[in-house]
Amino acid sequence: MALLEVDGLTVSFGDMRAVRDVGFALEPGERLGLVGESGSGKSLSALAATGLLPDTARWGGRIRFGGQPLPRDERERARLRAERVGFVFQEPMTALNPLMKISHQIREALTLSGVEGDIFQLLEEVDLDRGFAERYPHQLSGGQRQRAMIAIALAKRPELLIADEPTSALDLITQARILDLLDELCRSRGMALLFISHDLRAVARLCERVVVMQAGRVVEHGPVAEVFKNPRESYTRRLVDADTPRLVRLPQSRPQRQSLLATRALSKKYSQRQGFLRKPRITVAVDKVSLELTEGAFTALVGPSGCGKSTLAQMLAGLEPSSSGEISFLGRVHYGSNLAADLRRQISLVFQDPFSSFDPRMSVADSLMEPLRLLPDLDAAQRRSRAVEAIEAVGLSANMLGRYPHAFSGGQRQRLAIARALITRPKFLILDEPVSALDVSVRSEILGLLLKLQNDFGLTYLLISHDLESVRHLADRVLVMSAGEIVEAGTPKDIFDNPAHDLTKALLAARLPALS
Amino acid sequence: MRSIATLLVSATLLLTGVTAVFAQADDITIAVALEPPALDPTAGAAEAIDIVTYQNIFEGLTRIDRDGSVQPGLASDWTISDDGLSYVFSLREDVVFHDGSTFDADDVAFTFERILADDSTNAQKSLYEVIEAVEVEDPQTVRFTLAQPSGRFLFDIGRGDAVIVASESAENNATLPIGTGPYAFVQWDRGSRVILERFDSYWGDRPPLARATIQFIGDTATLINALLAGEVDGTNNMAAEALEVFANNPEFQVLVGTTEGEVVLATNNRIEPFSDLKVRQAMAHAIDRDALIEGVTYGYSAPIGSHFAPHHPFYVDLTQTYPYDLERARTLLAEAGYEDGFSATLKLPPVGYARQSGQILASQFAEIGITLELINVEWAQWLEDVLTNHDYDLSIVAHVEPFDIGIYADPDYYFGYDNADFRELIETLNTTTDDAERRTLAEEAQRILAEDAVNGYLFELAQTGVWRAGLEGMWQDSPIEGLVLRDLRWSE
Amino acid sequence: MKAWQHPSFVVGAALSLIFAIVAMLSLVWTPYPITEIDIGRRFLGPSEAHWLGTDHLGRDMVSLIMRGTLTSFFVAAIAVLIGAGIGVPLGLVAAGFRGRAEWAVLRVSDFIFAFPALIVAILITTLFGPGAVNAIIAIGIFNIPVFARVTRGGALAIRPMAFVSAARLAGLDNWQIALRHLLPNIAGLVIVQATIQLSLGILAEAGLSYVGLGTQPPDTSLGLMLRDAQALFILHPFLSLVPGIAIVILVIALNLAGDGMRDLLDPRLRSQDTRNGVA
Amino acid sequence: MPGIAIRRIAGFVATLLVAALVVFVLLDLLPGDPARFILGINASAEAVASLRTQMGFDAPAWQRFGDWLWGMLQGDFGISYTQGAPVAELIAERIWVTLPLAGVAMVISVAVGLPLGIAAARRRGRPADTALMVLAQIGIAIPNFWFGLLLALVFAVMLGWLPTGGFIPWQEDPVSAARSLVLPGLALALPQAAILARVMRTALVEVSGQDFIRTAEAKGMTRGEALWRHGVRNALLPVITILGLQFAFLISGVIIVENVFYLPGLGRLVLAAILERDLVLVRGITMVLIVAVTATMLLTDLLYTLVDPRVRTGGRP
């Protein structure tokens, strides 16, 4: 008898139908992956299966748990969740009550399920020191919070664990550890797992079967190995392909060895006041970094979150003053914020989040032309033609210039962001995680565009990423950064074949195996 | 559960416990609008002080009765020398202060020395500067020597400003008043009420009520509620617009009487265009007193034509000197060179009658082309701008001192009225003691002011008391500032 | 969501608009001049000549309500302009420059909050005399920290957005960023707050008029009408009810319009209806 | 935690110092001569001058400010011009009306506002929610002096349950004193309760969209239980902030309501004192009220610190 059976499930908000006719089944102890891009309805389907939908949602269809239909009564449903289903959510920061100690939150789960359990033992099971019991959520790191969350889910000894994107808010190393932990727990407890993710590799790592969803419907399902090896549907194939981008770097048209930018012992320190009379606490974000970028090079700067790579980029772009050390750009020295105006137009930045990188109140044309104030000699017609040139260079049409940002998709916005970065015809582009906020299926398009543009305009790139794997095929040089310092540098081949630093090794070890 | 029950019980107690304590036979609560700043009538001008203390806590050598006549007070008898310069008072013998000390001639001497001292803060000091000497002849006899005869001396020493205080207690009278009156001070809950109690060692007739509470309620609506709810037994002055609430209510009696308050349109005679008699006459013709009185006091006040109280024996009706006549007013204005009228400011102190009269007068003057800009000021500002600095065109205010026509004899007073004949007349009046002569002089003075239209003479403020039915002995008129409790009693 | 699908916003905005139009109309026309006093016609009930009757001075109640609404609106609106005119730049400076400027703005606004508003209002009217102008100043001062805080809060939420960094990269300084990017993006918030402060201002004016420090005759405001009618409440309750109900409806209308606007403008609150809808 | 507390207290003291200066300067500018006011229309210039000297008006401003400040620290607020009594004594008499009144209003508004807000949030979008929010709108929109009069008319004049106003001192009759505060407390509390209900509802609705509420549901609570056990405490954070501000509004409301119910409180005292130019008294009361408001804000700040471990343990600011 199936543990969970979903049949003909529909979920709608008003007129919007978010889930249509979705069905899947889960045997006891089985692990099922629910895969799809954002908006595909995968989370809603899982929430609906346990009666956790928001008040505003309407649902229909057949849901059976352990052979029994999902109770209509709210209390009965709550009881079902209390005793038989554990949950892990995506955002560990907000999924825990900020005002309650961890021990209290675990104890609550124990009380509600009526299970006799030991808090310390649970913490041990998720590899958390027992000292964490008396802490508040904000005193834990992201990975620790997710572990606490898992401990809460395990407290009731559930038959089914539903994990909704449990690792997508975590860095890669932590992600690998959490996945290992989930794997081990399911195995040791014989627990069924419903694993919801957009990350195909993670699903492949954990699950036996997979359901692929798109726009609220199930497009394909079957054993993981089969589906990912031989996708039947074109959508699935696109997803699988995007997992291993086949990007072709064109040969360097004008190989140059000339230095474009160099830093010497560049540091950034923040001081934070702790109290009225206490000494301020000094945080070193960037610690005496010296690096050199040659013209036309594609350099990747890789490191875990909080390692200082974004701060470094900000200083290079002239957005943040340095605390000490200097930057030499095109042969002229500056200290971060005092970058001369005629040099500013030679540097641009593409931001991670395409949704916040445009002022929603300004037309695309106005946003694109904003950096042109660095070229005061241009007249209106020239400015206009620059905008047209830029937007066409990124593969969009000039008649979109009059529109507002909300009319564009994420991928299109990232193209616009690149167009804006190019409009002053800079030599140097800093790409701050330019694709990590995009759906996998559009990532390779954007990366392909970036490679093409580099070739066309002879640009120098500094790509910032937390994911070593993703830069392997792009960069000709990789810098690995940890705790404010650059700990390793070399060609991708050097780095992947002979990692020297522990962090590099850990990053490599955290890679999930490729699908094929 | 228990705690909820307890809560309910206490809430019920709170709601249904002792409601309004209805007046017992010898007890009264009276509401008045203003709270006195202090309780010493000899060191402050506020009417509110006299309301609480005059003839209740404190008494003077003479006392002013409900008809305005002068009666013996602490002096049982007096003789006046033929030249009118020497007064010899015989004092009552069995008088004690509330603190038990006895009253004698030394107290009288002390009182007047205090009034006339260099650092005196007596508001009416000038009234008593006519006194040259106060001599104690024996403990029961005092002689006053005046610099010149004074027709109003006996009245003046009966005012609240000249009540007799004891040297031992005078300093503390502001907060702990010790007098010789029929009621002794018990307590003052500031912001709330003053409680008085019958003084058992009082020399005179024992007052019927044992205890009186004077409650300060400034807001008319609140006062109405308090009366209706039975929390207060009466008030000496209810806003005219609300009298109708009580007029036909058998539980209440409405007593309308007069006061010494002449409401005048004070006019700055020093400046153009008001220095021109024709302009003042035109303004006088433009005032529709009947509408004004109806509008402001709902018909409860008497019109006046000069600066004199209608209930006074010397009063002459001069209201028709410049009757309401817009044609005549326009002609006079034109003759004065103001065919198109003019604009002026009207500074109004924060009292209902002034503010409302101002609005109505502005509407009336608009008919003859005089545009009035109303400027509302607080008392402090009024005193500074209008009274002290004479920085005003027109103002409306009630002059509440009894028999105060003499203020027109001072050219430096804020009216700026400078008439040598009038000054002489008042001087003669002040030194005349013969009643018939005084009457002639007073009538002449009223006439001069009316004809000169020094100010616009509007109406005499009414005293509009509302009292619970069954209460007797209230003063209907108010010939002097005060709320005299001594005769109050409940019928049956 | 479209504006007309938000019923309370529609009701609030429509009522506010009607009040505003009636108030503006009184500038050029009222059925009777409000300074025209006719004691003979006092306390008339509603009739064809006087739809809402006449007051204690025989003035037409409809005319008074029209003008009173205008004054109440005017006082509150100018006070809002003062508050927004000073508070919004302060908030922008605080959010745009952070550091000492922000510290100073926050301290000043805390400081203003610490003063009992009515006492300051009374002090101001005592300093400069009672009247509408001083009521405006007094109410306006207390609007300043409100707008400063709302502006700062809104601007701080905008500041970390990538487009602000993009603007800085394009060479804009703090002032230019504040004007070009921060201000337009928080304009909605400011307008919502303005609506709410407008309704609070109307109540504050009524309170000041009640203690005699607000609007002065011969002009009138809803608060002053209420005060004038108080002593007559038992005899002529109608005279209190008309301005009282007018205030209540006007304040509710403005609040509904403000709340509705907030719902319509704030995408965060809007998206709550489809919480978890995107996953 | 101690660091935060010390910083807050230092800010509190600094605010008070600046406030004292502002109050002093503002009052020194007031037009109108207090001496003239006390003595009235007919007093001689001589008497006025003599009173001015007695009141110590001849010293330079900075010296008077210093004396005043120093005096206040020792509990000496000066002598009232008009009442001739020490200001500290006058304030002490009245504060036992004003503070309990503000307290009663605060308690009523919290006791009424919060449950209604929670109830409305629980029934969000349903008729009960709409009805409660309409009531809240009306509550905010009624001018409190008007509401006070209506209350007096109904509960005192018509029903006779409670006094129309006035106040018997606590030591004389505590039950009567408490009864006197019920209606004014209600009049004051109504708009505050309405505001609190709205804030509480909004906060709870906002919190109910947060992930940890879903976590609680996932643990096996119904939505109502999750909101009650996890939502309310989190929703209280913005409410606490509002409470501090509300006290400031209450103090302003007190001045008006004390007039309606002729309560002998600080509000009426300060109003009268301003009109009579009793600057020493005005200054003293204003400072006391500012101290009360600032102290309340300090308390709510510290309370916030207690409730929110993030502030307490120096985590997220």
Side-chain angles (χ1 to χ4, degrees), chain B residues 13-20 31 34-35 37-38 40 43-46 118-127 174-175 187 189-193 215-219 221-232 350 378-385 387-388 397 399 401 404 407 414, chain D residues 30-34 36-47 50-51 54 80-85 90 93-94 97 149 152-153 155-157 160-169 172-173 175-176 178-179 182 258-266 268-269 272 274-278:
Chain B
L13 260 179
L14 218 61
L15 287 170
T16 57
V18 211
T19 46
L34 291 175
E35 177 167 19
D40 183 354
D118 284 342
D119 62 350
S120 159
T121 52
N122 191 300
Q124 308 293 339
K125 184 179 175 185
S126 59
L127 287 182
T175 49
Q187 75 185 62
D189 299 332
R190 281 175 198 273
S192 180
R193 57 184 184 167
Q215 182 96 47
F216 309 111
I217 305 180
D219 186 282
T222 310
L223 174 55
I224 297 171
N225 283 346
L227 278 163
L228 290 176
E231 287 163 27
V232 299
E378 294 306 323
W379 272 123
Q381 205 187 340
W382 188 89
L383 291 171
E384 178 152 317
D385 287 3
L387 186 72
T388 311
V397 70
H399 281 259
E401 301 294 337
D404 55 0
I407 55 181
Y414 76 109
Chain D
L30 281 186
D33 183 344
R36 162 62 74 182
F37 189 86
I38 295 166
L39 295 178
I41 298 193
N42 294 351
S44 66
E46 193 190 320
S50 139
L51 189 61
Q54 276 179 34
S80 155
Y81 303 155
T82 49
Q83 312 211 6
L90 293 174
E93 276 173 20
R94 306 286 188 108
V97 178
L149 270 184
L153 201 63
F155 291 101
V157 177
W161 289 356
L162 290 161
T164 58
F167 188 79
I168 311 292
E172 221 166 281
D173 185 352
V175 175
S176 292
R179 283 160 46 83
V182 175
E258 281 179 359
N259 269 290
V260 176
F261 290 94
Y262 59 107
L263 294 172
L266 287 179
R268 256 179 75 210
L269 185 62
I274 288 174
L275 298 183
E276 290 167 1
R277 293 295 181 278
D278 194 341

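Since the model is a prediction, treat every value here as computed from it, not as a measurement. To find a chain, count down the sequence lines: A is the first, B the second, and so on, and within it residues start at 1.
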*Asks:* For B/Thr222 and D/Val260, indicate whether the former's side chain and the latter's backbone hold a donor-acceptor pair under 3.5 Å.
*Replies:*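 The answer is yes, because a donor-acceptor pair under 3.5 Å joins these two groups.
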*Asks:* Can you tell me which portion of D/Glu172 sits under 4.5 Å from chain B's heavy atoms? Options are side chain, backbone, both or neither.
*Replies:*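 For D/Glu172, the contact with chain B is made by the side chain alone.
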*Asks:* How long is the straight-line distance from CD1 of B/Ile224 back to OG1 of D/Thr164, given to the nearest 0.5 Å?
*Replies:*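 CD1 of B/Ile224 is found 11.5 Å from OG1 of D/Thr164.
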*Asks:* Return the minimal non-hydrogen interatomic distance between B/Ala229 and D/Ala156, and the atom names on each side.
*Replies:*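 Between these two residues, the closest heavy atoms are CB-O, 4.0 Å.
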*Asks:* Is it the backbone or the side chain of D/Leu149 that comes under 4.5 Å from a heavy atom of chain B, or both, or neither?
*Replies:*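 Both the backbone and the side chain of D/Leu149 come within 4.5 Å of chain B.
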*Asks:* For chain D, find which of B/Ala221, B/Pro350, B/Ala174, B/Ala226 contributes the most heavy-atom pairs closer than 4.5 angstrom.
*Replies:*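 Most heavy-atom pairs under 4.5 Å with chain D: B/Ala226.
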*Asks:* Distance from D/Arg268 atom CZ to B/Ser192 atom OG, nearest 0.5 Å?
*Replies:*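 The OG atom of B/Ser192 is 7.5 Å from CZ of D/Arg268, to the nearest 0.5 Å.
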*Asks:* If you take all heavy atoms of B/Leu228 and D/Val157, which pair is closest and at what distance?
*Replies:*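 The pair with the smallest heavy-atom distance is CB-CG1, 3.8 Å.
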*Asks:* Indicate yes or no for a side-chain donor-acceptor contact from B/Arg193 to the backbone of D/Gly166 under 3.5 Å, with no hydrogens or angles considered.
*Replies:*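 Here the side-chain-to-backbone pair does not exist.
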*Asks:* Taking 4.0 angstrom as the limit, do D/Arg179 and B/Glu231 come out as a salt bridge?
*Replies:*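 No, no charged N to carboxylate O under 4.0 Å.
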*Asks:* For the CZ atom of D/Phe155 and the CG atom of B/Asn225, what is their distance to the nearest 0.5 Å?
*Replies:*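 Rounded to the nearest 0.5 Å, the CZ-CG separation comes out at 13.5 Å.
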*Asks:* Among the options D/Glu93, D/Glu258, D/Arg94, pick out the one with the most heavy-atom pairs lying under 4.5 Å from chain B.
*Replies:*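 Greatest number of close heavy-atom pairs with chain B: D/Arg94.
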*Asks:* Going through the distances and angles, do D/Leu269 and B/Arg190 end up as a side chain to side chain contact (heavy atoms under 4.5 Å, CB included)?
*Replies:* CA-CA 9 Å; D/Leu269 185 62; B/Arg190 281 175 198 273; over 6 Å; no
